[in-house]
Number of protein chains: 2
Amino acid sequence: MRASERAYRALRDDIVEWRLPPGTLLAEVEQSGRLGVSRTPLREALGRLTAEGLTTAGGRGVMVTAISLADIDELFELRETLEGRAAALAAERGEPATFRRLQAALLAAPALVTGDTPAVEDYYGLVSDLDAAIDSAISNSYLVQAMRSLRVHLVRIRRMAADNAARLTAAAAEHAAIAEAIADRNPRLAQAATTLHLHRSLSHIKATSTSLHNTSTSP
Amino acid sequence: MRASERAYRALRDDIVEWRLPPGTLLAEVEQSGRLGVSRTPLREALGRLTAEGLTTAGGRGVMVTAISLADIDELFELRETLEGRAAALAAERGEPATFRRLQAALLAAPALVTGDTPAVEDYYGLVSDLDAAIDSAISNSYLVQAMRSLRVHLVRIRRMAADNAARLTAAAAEHAAIAEAIADRNPRLAQAATTLHLHRSLSHIKATSTSLHNTSTSP
DNA sequence: AACCGAACAGCTGTATACACCAACCGCCGG
DNA sequence: CCGGCGGTTGGTGTATACAGCTGTTCGGTT
């Protein structure tokens, strides 16, 4: 694999996993030494990160961007616009059988997040499958790319919130409702179910991330 | 100005103005010689162009991407989603006086595109002012950035279509209707006016670009 | 003691040299 | 005559050296 790609993925993962907290200065020589690549591919990686909005290139060096509550509101406003439309388009153009299968899997998902050995990653994999199925169904590469650029930020936000079993169980039901509406070829219902899910998700994030925000800004 | 920025703007302008037609291979050494910069900043410029979708980096070198009619359909599908929502948000949050002024200017715009010395650039400037006013009113940087990344492609498409005085006159009235709905703080009407305008615009492009497409694909 | 200025240090921006890779072209065998 | 194959050539990917700039800090001045 190319060195620039390795550097990009390593930095992106470090940022979304909060190993590189907001405000961290990413000096080129320092990071190139840490990641074992030269400055040239590292610069390319930093450029990609900055284009995505994960870092900002101001004055001296690039810094990991902060995420304020206002940013989360804006992000979800755009997300509702894009994913609502995407769900509606998927209902118009998707293969019902695919989404019927996903609906069944999501209805069984609560068993994944409760119990002794919660397989939360498997649940997230299911959600990714639904996203991928929607992406494939709408057959609009520009819309897909716009949503993809949002998902990076959303993963970062997810790590900020406290995902407990109760919320994940409810979210699985909401996702199942979206899949069902798409399988039923009902665009308006699919969009409404998406809107509902995103509002619930945003409410949960805002309710649980406030405390995190307070602790992170304590001296 | 930085060399990488100069190279980026020069290449982007060359592409959207169709001086570099689709399929052109942008070899690094060749372009760096043509633009008078070294390969390093040129690579950064090519990376930005590829991230925006104006070029594709496949195999040997980057190529200027083609725009098919399907691409235009997809682009306008996303555009309607984003700009419709943007217009609605502007109606909710914007300053009515600003859009009232723009409405008046747009109602007087037909005089710009008809007559002996058509000031088409002035008309496009007015449309840009309306876009900027909407961007400023919605106060959502993520949505603004998503629309901005679309506008580059739209300029390229505009050069493909034949903008005659009749279409520009009608478009001015459609833009005035959008501005009026925002000034009236009527989100649903603003969204509907945007949808109408984009559909008319797309119809015009498809009607006039077909012949161009045929000539460009002739042996 | 506070403020201003200039030298300094570290960084980014750019240019260039080298290694590797992938596509083309000619050649050989079937 | 056609298909597979190795040499060749130009390209990209990477590393490094140098120049310019910006933020900092120390010293002097008021």
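We name chains A, B, ... by the order of the sequence lines, and we start the count at 1 in each one.
- A straight line from CG of A:Leu46 to C1' of C:dT12 spans 11 Å, rounded to a whole angstrom.
- To the nearest angstrom, P of C:dG13 lies 12 Å from CZ of B:Arg48.
- Ionic pairing of B:Arg148 and B:Glu52 is not present here: no N-O contact between side-chain nitrogen and carboxylate oxygen is shorter than 4.0 angstrom.
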Given salt bridge (Lys or Arg N to Asp or Glu O under 4.0 Å), test B:Glu92 with B:Arg185 step by step and report yes or no.
-> CA-CA 6 Å; B:Glu92 291 176 5; B:Arg185 308 201 80 116; over 6 Å; no
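- Contact check, A:Arg43 against C:dG13: a side-chain N or O comes under 4.0 Å of OP1 or OP2.
- Atoms CZ (B:Arg2) and C1' (D:dT22) sit 14 Å apart, rounded to a whole Å.
- Between A:Glu95 and A:Arg101 there is no salt bridge, since no side-chain N of the basic residue sits under 4.0 Å from a carboxylate O of the acidic one.
- Within the 4.0 angstrom heavy-atom criterion, base atoms lie near B:Arg60.
- Regarding contacts with the backbone of C:dT14, a side-chain N or O of B:Ser4 is found under 4.0 angstrom from either OP1 or OP2.
- For the pair A:Leu11 and A:Leu42, the minimum side-chain heavy-atom distance is below 4.5 Å.
- Ring planes of A:Tyr142 and B:His153: perpendicular class, angle over 60° (limits at 30 and 60°).
- Heavy-atom distances under 4.0 Å link DNA chain C to B:Val37, B:Ser38, B:Arg39, B:Thr40, B:Pro41 of residues 24-41 of chain B, given in residue order.
- The distance from atom CE of A:Met1 to atom C1' of C:dC21 is 17 Å, rounded to the nearest whole Å.
- Going from atom OH of B:Tyr8 over to atom P of C:dG13 covers 17 Å, rounded to whole Å.
- One can place CE of A:Met63 at 16 Å from C1' of C:dT12, the figure rounded to the nearest angstrom.
- Rounding to whole angstrom units, CG of residue A:Leu42 and P of D:dT14 are separated by 11 Å.
- Distance B:Glu44 CD to D:dG13 C1': 16 Å, rounded to the nearest Å.
- A heavy-atom distance below 4.5 Å is found between the side chains of B:Ile157 and B:Ile205.
- Of the charged side-chain nitrogens involved, at least one lies within less than 4.0 Å of a carboxylate oxygen, so that A:Arg151 and A:Asp131 count as a salt-bridged pair.
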